[in-house]
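Notes for the one structure printed next.
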Amino acid sequence: MTSFFRTIKQFLFPISKSYDSSNNQITNGGISMKKVSIRVVGSVQGVGFRFSTKLVADQIGVYGIVRNEPDGSVYIEANGDPEKIDLFIEKIRNSPSPSGYVDSIIVEELPSLKIRDKFTISN
């Protein structure tokens, strides 16, 4: 199982690139915050998609939740610096799981979403 996760991590981050979060402007009263909901449709359940999504979010420095939906899709809420959110969306669009496949994603910017301070898998 460990080699599976190592393979996913190497797939996601072929170049060991760390994003510096020390100058992160995300705070409850921060001036730069983007909050989005993302619905992902495709082969996204039973393929390590949520785990891979969390790895991507943690690597980039995006906070939120990811969960499976009964209709076979995956739902994501994310908040963070706008540039990091945009990068996160692109990683999701290209499927963070090497075993998954994304047919489509629907992204909505929702300022009313709860601000989260970590990224979790909710189911």
Side-chain angles (χ1 to χ4, degrees):
M1 194 60 141
T2 302
S3 65
F4 171 74
F5 295 127
R6 188 176 311 126
T7 300
I8 288 175
K9 190 172 182 178
Q10 288 172 346
F11 174 79
L12 294 173
F13 309 108
I15 299 172
S16 181
K17 183 177 179 182
S18 175
Y19 295 90
D20 182 17
S21 61
S22 62
N23 61 357
N24 191 345
Q25 298 177 359
I26 300 170
T27 64
N28 287 340
I31 57 173
S32 181
M33 170 76 73
K34 188 173 183 179
K35 296 186 273 185
V36 295
S37 72
I38 307 168
R39 180 154 317 266
V40 186
V41 176
S43 177
V44 293
Q45 290 192 13
V47 294
F49 194 89
R50 290 175 298 153
F51 176 79
S52 301
T53 298
K54 178 174 172 31
L55 283 178
V56 168
D58 290 345
Q59 182 76 21
I60 295 172
V62 169
Y63 310 105
I65 62 163
V66 59
R67 70 174 180 243
N68 284 339
E69 293 292 310
D71 65 0
S73 66
V74 166
Y75 176 78
I76 302 167
E77 289 181 4
N79 60 265
D81 179 84
E83 290 180 10
K84 291 180 179 179
I85 292 293
D86 292 344
L87 177 60
F88 178 70
I89 291 169
E90 283 308 308
K91 293 280 189 180
I92 298 302
R93 189 181 314 276
N94 295 317
S95 182
S97 170
S99 302
Y101 180 81
V102 173
D103 287 327
S104 65
I105 67 170
I106 299 169
V107 180
E108 291 184 77
E109 191 165 342
L110 299 173
S112 62
L113 288 176
K114 179 180 177 181
I115 296 173
R116 301 178 191 274
D117 60 359
K118 61 183 177 178
F119 200 93
T120 59
I121 299 171
S122 69
N123 68 353

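Side chains included, hydrogens not; waters and symmetry mates left out as well; all remaining heavy atoms used. Positions are given from 1, in the same order as the sequence printed here.
Under the rule for a side chain to side chain contact (heavy atoms under 4.5 Å, CB included), the partners of Glu69 that lie at least two apart in sequence or sit in another chain are Arg39, Arg67, Asp71, Ser73, Tyr75. Applying the salt bridge (Lys or Arg N to Asp or Glu O under 4.0 Å) test to Glu108 and every residue at least two apart in sequence or in another chain returns nothing. Residues passing the side chain to side chain contact (heavy atoms under 4.5 Å, CB included) test with Thr120 are Ile65, Lys118, sequence neighbours excluded. Annotation: side chain to side chain contact (heavy atoms under 4.5 Å, CB included) contacts of Asp58 (sequence neighbours excluded): Lys54, Phe119.
The minimum heavy-atom distance between Lys35 and Leu113, with the atom names listed, is NZ-O, 2.9 Å. Among all heavy-atom pairs drawn from Val62 and Lys84, the shortest one is CG2-O, 3.8 Å. For Val74 against Asn68, the heavy-atom pair with the smallest separation is CG2-OD1, 3.5 Å. The two atoms that bring Val44 and Gly72 nearest to each other are CG2-O, 3.5 Å, heavy atoms only. Here the closest non-hydrogen pair linking Asn79 and Arg116 is OD1-N, 3.0 Å. The two residues Ile105 and Ile89 make their nearest non-hydrogen contact at CD1-CG2, 3.9 Å.
Ile121 is connected to Leu55 through a chain of hydrophobic side-chain contacts under 4.5 Å among Ile, Leu, Val, Met, Phe, Trp and Tyr, so both are in one cluster.
For the side chain to side chain contact (heavy atoms under 4.5 Å, CB included) test with Phe88, the passing option among Asp81, Ile38, Val36 is Ile38; the others fail.
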Ignoring hydrogens and angles, write down the donor-acceptor pairs under 3.5 Å from the side chains of residues 96-103, residues two or more places apart or on other chains.
from: Ser97; atom 1: OG; to: Val47; atom 2: O; distance (Å): 2.5
from: Ser97; atom 1: OG; to: Ser99; atom 2: N; distance (Å): 3.2
from: Ser97; atom 1: OG; to: Gly100; atom 2: N; distance (Å): 3.4

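Here the NZ atom belonging to Lys91 is positioned 11.5 Å from the OG atom belonging to Ser52, to the nearest 0.5 angstrom. We find the CD1-CZ distance between Ile92 and Phe49 to be 5.0 Å, quoted to the nearest 0.5 Å.
Panel note: side chain Lys34, backbone Ile85; no donor-acceptor pair is recorded below 3.5 Å.
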